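Accompanying notes for the structure given below.
Counting begins at 1 with the first residue of the sequence. Given the structure is predicted, the values throughout are model-derived calculations rather than measurements.
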Amino acid sequence: DAASADTAAEISDLVASISATGQLLQSLEQTVATLGVADAERDMAIRQLNRQLDERLRQVESVPRRLSTVESTLSS
């Protein structure tokens, strides 16, 4: 009968919609995982840059002391 056919069609549409939603959710989960990996890599790169900057800053900060030592040695 027509009512049963309409119900069957609605159920079929719902099943297709749920399937498409599941595939979209899986795709989004993969995207989130990829972004998480990229985030971790960026975080590691930033930490490495900070360490390099800290080392260079220590070197720059030590210049006056080293110059003073050189001046003292030359004036002796």
Using side chain to side chain donor-acceptor pair (under 3.5 Å) as the criterion, list what pairs up with Glu55, not counting sequence neighbours. Arg58, Gln59
Residue list, side chain to side chain donor-acceptor pair (under 3.5 Å) with Asp1, at least two apart or on another chain: Ser4
Other than [X], which residues form its hydrophobic cluster under the rule that side-chain heavy atoms must be closer than 4.5 Å?
| X | result |
| --- | --- |
| Leu74 | Val70 |
| Val15 | Ile11 |
| Leu67 | Val63 |

According to side chain to side chain contact (heavy atoms under 4.5 Å, CB included), who are the partners of [X], at least two apart in sequence or on a separate chain?
| X | answer |
| --- | --- |
| Leu28 | Leu24 |
| Asp43 | Arg47 |
| Ser62 | Arg65, Arg66 |
| Gln48 | Arg51, Gln52 |

Looking at Thr69, is its backbone amide N or carbonyl O close enough to the side chain of Thr73 to form a donor-acceptor pair, meaning the two atoms are under 3.5 Å apart? yes
Any pair counted as side-chain hydrogen bond (donor to acceptor under 3.5 Å, both in side chains), so long as it reaches residues 22-39, sequence neighbours left out: none
Under the side-chain contact (heavy atoms from CB on, under 4.5 Å) criterion, do Thr21 and Ser17 qualify, and how do the steps go? CA-CA 6 Å; Thr21 301; Ser17 178; 4.3 Å; yes
Rounded distance [0.5 Å steps], CZ in Arg56 versus CG in Leu49: 9.0 Å
